[in-house]
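We name chains A, B, ... by the order of the sequence lines, and we start the count at 1 in each one.
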Protein chains: 2
Amino acid sequence: MLSQSEENYLKEIYALEELASKEVSTNAIAEKMNTKASSVTDMIQKLSQKGLVVYKKYQGSKLSKKGREQAVAIVRKHRLWETFLVNKLDFLWDEVHEIAEQLEHVSSETLIDRLDAYLGHPEFDPHGDPIPKPNGDVVKMQNKCLTDMDVNHSGVLVEVKNSEKAFLKYLNKRNIAIGDHIKVTEIESFDNSMKIHIKEKELVISEEIAKNLYLNT
Amino acid sequence: MLSQSEENYLKEIYALEELASKEVSTNAIAEKMNTKASSVTDMIQKLSQKGLVVYKKYQGSKLSKKGREQAVAIVRKHRLWETFLVNKLDFLWDEVHEIAEQLEHVSSETLIDRLDAYLGHPEFDPHGDPIPKPNGDVVKMQNKCLTDMDVNHSGVLVEVKNSEKAFLKYLNKRNIAIGDHIKVTEIESFDNSMKIHIKEKELVISEEIAKNLYLNT
DNA sequence: ATATATTTTTAGACAAGTCTAAAAATATAT
DNA sequence: ATATATTTTTAGACTTGTCTAAAAATATAT
Ligand SMILES: [Mn+2]
Ligand SMILES: [Mn+2]
Ligand SMILES: [Mn+2]
Ligand SMILES: [Mn+2]
């Protein structure tokens with residue numbers, strides 16, 4: 001039985017590993033979890049003790065097989081609950097993260113399997129992230145980041161790498177949503193901002209925004 | 001913001017008050033919560049400090065207005081989640097208590113209001129217990145306990161006062177369920193066991209069982 | 001190669017929630 | 001009314017998860 005805190009650590013380490021695919025630094029974890037590095041060291045040592053994390057002093061940490069399994073299970077729960085909130089309870093995609101942050105810790109295999117069935121075994125959550133299968137398989141997304149695209153190339157927005165409320169609200173305001181067809185029409189080399197064609201309109205977005213948008217091209 | 005533990009204490013004190021309608025003893029709380037009396041004293045003092053419980057040393061505790069409001073809100077969440085699990089996810093009534101015990105601590109007003117609407121504003125949970133309204137109103141049940149009924153009297157089973165798995169499983173096995181029409185056909189004065197007519201059959205139940213069954217007569 | 005800056009770990013403290021053992025208050029029985 | 005039993009509280013300890021401040025290791029720059 002893992003504590004809520006342990007679960008949150010595993011989940012964030014998993015997320016960081018997905019990004020960088022190498023050992024994650026103590027500071028990186030601390031930043032993600034809004035704690036101090038010293039707290040992270042304490043927790044990492046405990047998780048290492050429990051065989052969930054592979055840790056060598058000063059060398060960063062990575063999940064063990066067991067730790068990764070646990071992490072994926074939590075991610076599965078998180079994304080299924082988000083899907084439930086949006087598909088069944090009519091929440092907007094920018095309103096569900098914090099609630100799912102709590103729901104993901106409810107422990108009951110049966111519950112999550114039933115929820116999965118009730119939702120019709122969805123493949124992606126409201127932010128376009130793949131929902132892990134019960135056996136731990138996760139569809140490997142290899143979508144193209146908007147910043148890596150050239151002028152006149154286009155694709156469908158399938159994934160949003162930032163689930164912060166402020167960011168999602170920005171997208172809502174600009175009327176940018178998962179499923180939209182986006183075409184790059186201009187790139188400003190000075191600040192890497194870009195002009196895109198979306199829903200019959202032209203929009204200018206900063207590099208900071210583009211970094212978080214992934215397209216299926 | 002209340003901790004999970006504080007919420008559980010408030011809820012159990014509320015339940016005990018409903019039964020006895022007077023101050024609840026430290027030992028009674030300890031028994032219900034599966035803790036030691038000393039732990040209860042510690043927590044009671046904290047809750048009293050926070051103005052949620054009215055406490056005088058050695059004289060037992062009762063909920064303050066504020067404490068009762070909190071308790072009812074938690075009960076509302078518990079019973080709505082139980083209803084969701086049974087009505088939407090096809091759980092049996094004896095499988096939902098432990099899961100609701102966790103879900104009740106998820107904090108989001110919006111979530112619970114949406115869930116309520118999604119379920120069609122149910123009045124009773126799967127065990128026949130009334131679901132408190134958002135404003136804190138709770139339908140006062142005054143059903144008759146089976147042990148208070150005379151031979152040849154009958155009614156509809158509307159409430160079950162014990163949510164332990166073992167007890168509910170017993171009822172499942174005997175095919176006794178909320179909504180069943182029950183008639184007392186014989187009372188054995190020696191041990192207060194009774195013979196009842198239910199679903200075209202005769203059944204003998206002990207006083208211990210009868211104590212937990214409430215009928216609308 | 002050395003000095004400086006950055007990252008990470010350790011040491012020591014604290015709050016929450018629990019426990020055991022002992023003391024204090026209250027209830028019960030003779 | 002006193003002795004005995006029961007209930008409740010206190011004292012002190014332990015675990016979990018966090019923090020600050022200081023020490024140790026590693027990285028970077030000259
Ligand atoms: Mn979480
Ligand atoms: Mn998501
Ligand atoms: Mn609970
Ligand atoms: Mn119930």
In whole angstrom, give the distance that lies between atom CD of A:Glu6 and atom C1' of D:dT15. 12 Å
With distance as the sole criterion, is a donor-acceptor pair present between the side chains of A:Asn162 and A:His127 under 3.5 Å? no
Side-chain atoms of A:Asp42 come closest, of C:dT9, D:dT18, C:dT18, to D:dT18
Dot-bracket summary - DNA chain C, pairs being Watson-Crick or G-U whose distances fall under 3.5 Å, with | when paired to another strand: ||||||||||||||||||||||||||||||
Does OP1 or OP2 of D:dT7 have a side-chain N or O of B:Ser25 closer than 4.0 Å? no
Please state whether the rings of A:Trp81 and A:Phe84 are parallel, tilted or perpendicular, taking 30° and 60° as the class boundaries. perpendicular
Counting only side-chain N and O atoms of A:Tyr9, is one of them less than 4.0 Å from OP1 or OP2 of D:dT16? no
Reading DNA chain D from 5' onward, which residue's closest nucleotide shows up sooner: B:Gln45 or A:Ser3? B:Gln45
Salt-bridge test for A:Lys165 and A:Asp94: reply yes if a basic N is under 4.0 Å from a carboxylate O, no otherwise. no
Pairs involving residues 52-62 of chain A, ordered by first then second residue, that meet side-chain hydrogen bond (donor to acceptor under 3.5 Å, both in side chains) (sequence neighbours left out): none
Separation of B:Met43 atom CE from D:dT10 atom P, in whole Å? 16 Å
Distance-only, no hydrogens or angles: does the A:Ser21 side chain make a donor-acceptor pair with backbone N or O of A:Glu17 under 3.5 Å? no
Between D:dT9 (C1') and B:Asn27 (CG): distance, integer Å: 11 Å
Give the nucleotide from the list D:dT9, C:dT9, C:dC19 with an atom nearest to the side chain of B:Ser39. C:dC19
Under the ring pair (Phe, Tyr, Trp, His ring centres under 6.0 Å) test, residues paired with B:His97 that sit two or more places apart: B:His78
Nearest heavy atom decides the nucleotide; on that basis, is A:Thr35 or B:Tyr55 closer to the 5' end of DNA chain D? B:Tyr55
In this structure, CG of A:Asp137 is separated from CZ of A:Arg76 (nearest 0.5 Å) by 11.0 Å
Please determine whether a side-chain nitrogen or oxygen atom of B:Tyr58 lies at a distance below 4.0 Å from atom OP1 or OP2 of D:dT10. no
Is the base of C:dT20 touched by the side chain of B:Ser38 through a donor-acceptor pair closer than 3.5 angstrom? yes
Could you state the CD1-P distance from B:Ile44 to D:dT10, rounded to the nearest angstrom? 13 Å
Can you tell me how far P of C:dT18 sits from CG of B:Asn34, to the nearest Å? 11 Å
Nearest whole angstrom, please: distance from the P of D:dT8 to the CD of B:Glu23. 12 Å
Ignoring the backbone of A:Lys57, work out which of C:dT9, D:dC19, D:dT9 is nearest its side chain. C:dT9
Expressed in angstrom and rounded to an integer, what is the separation of A:Lys36 atom NZ from C:dT7 atom C1'? 14 Å
C:dT7 OP1/OP2 closer than 4.0 Å to side-chain N/O of A:Gln59: no
Do B:Thr41 side-chain and D:dT10 base share a donor-acceptor contact under 3.5 Å? no
Just checking B:Ser5: base, sugar-phosphate only, or nothing, at a heavy-atom cut-off of under 4.0 Å? sugar-phosphate
Atom CG in A:Asn143, atom OH in A:Tyr214: separation rounded to 0.5 Å? 9.0 Å
From CD1 of A:Ile29 across to P of C:dT7 the rounded distance in Å is 14 Å
